[in-house]
Amino acid sequence: LLRYCLAVSTGLLLLSAVPSRAETEAEFKAFCEGISATPDQRIAGCSFVIEKGLETGKRLALPYCSRAHGYTEKRDLDKAMADVNEAIRLDEDLACGYLNRGRIYGFKRDFQLALADYDRALKINPNFALAYNNRGSVWMNTGNNEKAMADFERAIKLDPKLATAYNNRALIFYRANLYDRAIADYTTEIKLRPTVLAYISRGNVHRDKDDLDKAIADYAEAIRLDPNDARGWRNRGLMYLFKGDNKKGVADYDKAVALDPADVNSWNNRGQGRMRLGDKDGAAADFRKALELKPGLPTATESLKKLGVAP
């Protein structure tokens with residue numbers, strides 16, 4: 001059952017060049033049921049299962065539930081809601097249905113409805129670790145960190161390998177300035193599921209502890225995992241500027257602005273690095289771009305005044 005509730009995009013299943021019907025059915029069912037399918041694969045696989053009538057009765061609820069997950073990952077929330085409601089109609093005791101609908105309500109910021117669905121999922125399956133984790137996220141988003149922490153603790157006890165629960169608990173520790181405990185949880189998350197966000201999050205804690213070298217190392221890992229994600233570049237660039245290595249800082253921000261030209265801080269911070277390197281024209285251009293993106297930005301305005309140039 002849980003295979004219909006969880007999806008992690010870790011790889012592709014390749015269809016045969018000329019598949020038989022049996023192979024096609026098996027592979028599309030694998031897309032629908034497996035945890036390694038991409039959202040598009042999941043949607044295609046579950047659509048095949050539904051349209052070909054490969055499941056009937058209450059079992060038909062499962063592919064609807066799984067397809068809803070795929071649509072949710074793509075943030076097509078209306079289609080996701082339609083599918084999950086159909087799943088619940090087919091099987092009102094399907095914990096997966098309430099879990100997925102709760103997540104949709106969370107994205108819609110209908111937190112009370114999300115909580116009600118997670119409560120229902122846990123009533124059906126009291127050992128559903130992911131439901132505890134997701135309910136904890138809602139409590140955290142509504143400012144109830146005590147209830148959030150209790151749910152994350154329960155999720156981890158039920159499933160010590162649930163990486164997302166460590167990430168969420170780490171965020172509570174971080175916001176409470178309990179940096180060492182946050183680092184410990186992010187480290188566990190990384191061991192279980194190394195992602196760009198996990199490395200950046202741990203790097204941010206190291207940054208706030210003024211351990212810039214460890215922060216740089218974590219941001220470098222984020223870059224290694226996905227060199228096309230601007231977050232690793234701009235975070236590492238900022239650390240280099242903090243350390244006074246303006247050439248490396250500017251080089252990292254060159255990558256950041258190329259990958260995410262809408263990020264105002266990257267333009268402003270590259271401008272700061274260029275100004276320190278004596279590149280007056282380059283710095284002025286960056287500060288003007290920052291002001292174009294965010295009119296009135298104080299740091300950019302003041303820096304242009306220091307350069308003696310007009311905005």
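Here the rule is side-chain contact (heavy atoms from CB on, under 4.5 Å) with Arg169, and of Met149, Glu189, Met140 only Met149 fits it.
Atom CG in Asp93 sits 11.5 Å away from atom CG in Asn125 (nearest 0.5 Å). We find the CZ-OH distance between Arg202 and Tyr199 to be 6.0 Å, quoted to the nearest 0.5 Å. Note that CG of Asp281 and CG of Asp279 are 6.5 Å apart. Values are rounded to the nearest 0.5 Å. For the atom pair CD of Glu146 and CD1 of Ile172, the computed distance is 10.5 Å after rounding to the nearest 0.5 Å. The CG atom of Leu122 sits 9.5 Å away from the CG atom of Asn127 when rounded to the nearest 0.5 Å. Separation of atoms CG (Leu238) and CG (Asp252) is listed at 10.5 Å; rounding is to 0.5 Å.
In this structure, Asp76 does not pair ionically with Arg67, as no charged nitrogen and carboxylate oxygen lie closer than 4.0 Å. A salt bridge is defined here as a Lys NZ or Arg NE, NH1 or NH2 lying under 4.0 Å from an Asp or Glu carboxylate O, and Arg103 with Glu73 meets this definition. Salt-bridge check for Asp91 with Arg59: failed, with every basic side-chain N at 4.0 Å or more from each acidic carboxylate O. Taking 4.0 Å as the cut-off between side-chain N and carboxylate O, Lys161 and Asp159 do not count as a salt-bridged pair. Between Asp180 and Lys209, at least one side-chain nitrogen of the basic residue sits less than 4.0 Å from a carboxylate oxygen of the acidic one, meeting the salt-bridge criterion. For Arg234 and Asp260, the salt-bridge test passes: some basic side-chain N is under 4.0 Å from an acidic carboxylate O.
Counting heavy atoms from C-beta outward, Val84 and Tyr64 have side chains that stay 4.5 Å or more apart. Pro160 places a side-chain heavy atom less than 4.5 Å from the side chain of Tyr166. Residues Asp213 and His206 have side chains not in contact (no heavy-atom distance under 4.5 Å, counting atoms from C-beta outward). Side-chain atoms of Asp263 and Val257, non-hydrogen and from C-beta on, never get closer than 4.5 Å to each other. The shortest side-chain heavy-atom distance between Ile223 and Trp233 falls under the 4.5 Å cut-off. Ile50 places a side-chain heavy atom less than 4.5 Å from the side chain of Leu60. With a 4.5 Å cut-off on side-chain heavy atoms, Thr72 and Asn100 do not count as touching. Residues Phe48 and Thr24 form a side-chain contact, since some pair of their non-hydrogen atoms from C-beta on lies under 4.5 Å apart.
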Next on the checklist: One pair to check against side-chain hydrogen bond (donor to acceptor under 3.5 Å, both in side chains): Gln272 and Ser303. What are the steps and the verdict?
Outcome noted: CA-CA 8 Å; Gln272 299 294 336; Ser303 296; 2.9 Å; yes

Checklist entry - Can Lys108 and Asp110 be said to form a salt bridge (charged side-chain N to carboxylate O under 4.0 Å, His left out), step by step? => result CA-CA 5 Å; Lys108 289 175 172 285; Asp110 291 331; over 6 Å; no

Next on the checklist: For a side-chain contact (heavy atoms from CB on, under 4.5 Å) check, start with the C-alpha distance between Lys214 and Asp218, then their side-chain angles and the critical distance, and finish with the verdict.
Outcome noted: CA-CA 6 Å; Lys214 286 185 178 179; Asp218 274 347; 5.8 Å; no

Item to check | Trace of the side-chain contact (heavy atoms from CB on, under 4.5 Å) decision for Glu33 with Ser66 | outcome: CA-CA 7 Å; Glu33 298 174 5; Ser66 185; over 6 Å; no

Item to check | Stepwise side-chain contact (heavy atoms from CB on, under 4.5 Å) check, Met81 with Tyr105 | outcome: CA-CA 9 Å; Met81 184 65 79; Tyr105 281 134; 3.5 Å; yes

Checklist entry - When you look at Ile43 and Lys79, which way does the side-chain contact (heavy atoms from CB on, under 4.5 Å) test go after all the steps? => result CA-CA 11 Å; Ile43 291 166; Lys79 288 183 179 179; over 6 Å; no

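Side-chain contact annotation: Tyr174 with Asp208, donor-acceptor N/O pair under 3.5 Å present. Residues Asn168 and Asn133 have side chains that bring a donor and an acceptor to within less than 3.5 angstrom of each other. Residues Tyr253 and Asn269 have side chains that bring a donor and an acceptor to within less than 3.5 angstrom of each other. A donor-acceptor contact closer than 3.5 angstrom is absent between the side chains of Tyr132 and Asn134.
Criterion: ILVMFWY side-chain heavy atoms under 4.5 Å apart, direct or through other members. Under it, Leu171 and Leu197 are not part of a common hydrophobic cluster. Tyr118 and Leu113 fall into different hydrophobic clusters, defined by Ile, Leu, Val, Met, Phe, Trp and Tyr side-chain heavy atoms under 4.5 Å apart, directly or through other members. At a threshold of 4.5 Å between side-chain heavy atoms, the hydrophobic network of Ile, Leu, Val, Met, Phe, Trp and Tyr places Tyr219 and Leu212 in one connected group. Phe152 and Leu130 fall into different hydrophobic clusters, defined by Ile, Leu, Val, Met, Phe, Trp and Tyr side-chain heavy atoms under 4.5 Å apart, directly or through other members. Cluster annotation: Ile104 and Leu115 are assigned to distinct hydrophobic clusters (Ile/Leu/Val/Met/Phe/Trp/Tyr, side-chain heavy-atom contacts under 4.5 Å, transitive).
The shortest non-hydrogen separation linking Ala222 to Val196 is O-CG2, 3.7 Å. Minimum heavy-atom separation, Leu90 to Lys58: O-CG, 3.6 Å. In terms of heavy atoms, Leu158 sits closest to Pro126 at CD1-O, 4.2 Å. For the pair Ala300 and Asn268, the tightest heavy-atom approach, listed with the atom from each and the gap, is N-OD1, 3.5 Å. Closest non-hydrogen pair, Asn235 versus Asn204, comes out as OD1-OD1, 3.6 Å. Smallest separation of non-hydrogen atoms from Gln41 and Phe31: O-CB, 3.3 Å.
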Identify each donor-acceptor pair in which a side-chain atom of residues 285-296 lies under 3.5 Å from a protein atom, sequence neighbours left out, and give them as a table.
from   : atom 1 : to     : atom 2 : distance (Å)
Asp286 : OD1    : Arg270 : NE     : 3.4
Asp286 : OD1    : Arg270 : NH2    : 2.9
Asp286 : OD1    : Arg274 : NH1    : 3.3
Asp286 : OD2    : Arg270 : NE     : 2.8
Asp286 : OD2    : Gly271 : N      : 3.4
Asp286 : OD2    : Arg274 : NH1    : 3.2
Arg288 : NE     : Ala310 : O      : 3.1
Arg288 : NH2    : Ala310 : O      : 3.0
Lys289 : NZ     : Glu292 : OE2    : 3.3

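Sparse packing is recorded around CD of Glu92, with 12 or fewer heavy atoms of other residues, nucleotides or ligands lying under 6.0 Å away.
Shown here are the side chain to side chain donor-acceptor pair (under 3.5 Å) partners of Asn246, two or more places apart in sequence or in another chain: Arg276.
Looking only at distances, no side-chain donor or acceptor of Ser266 sits under 3.5 Å from a matching main-chain atom of Ala256. Arg207 contributes no side-chain N or O that, together with a main-chain N or O of Ala215, makes up a donor-acceptor pair within less than 3.5 Å.
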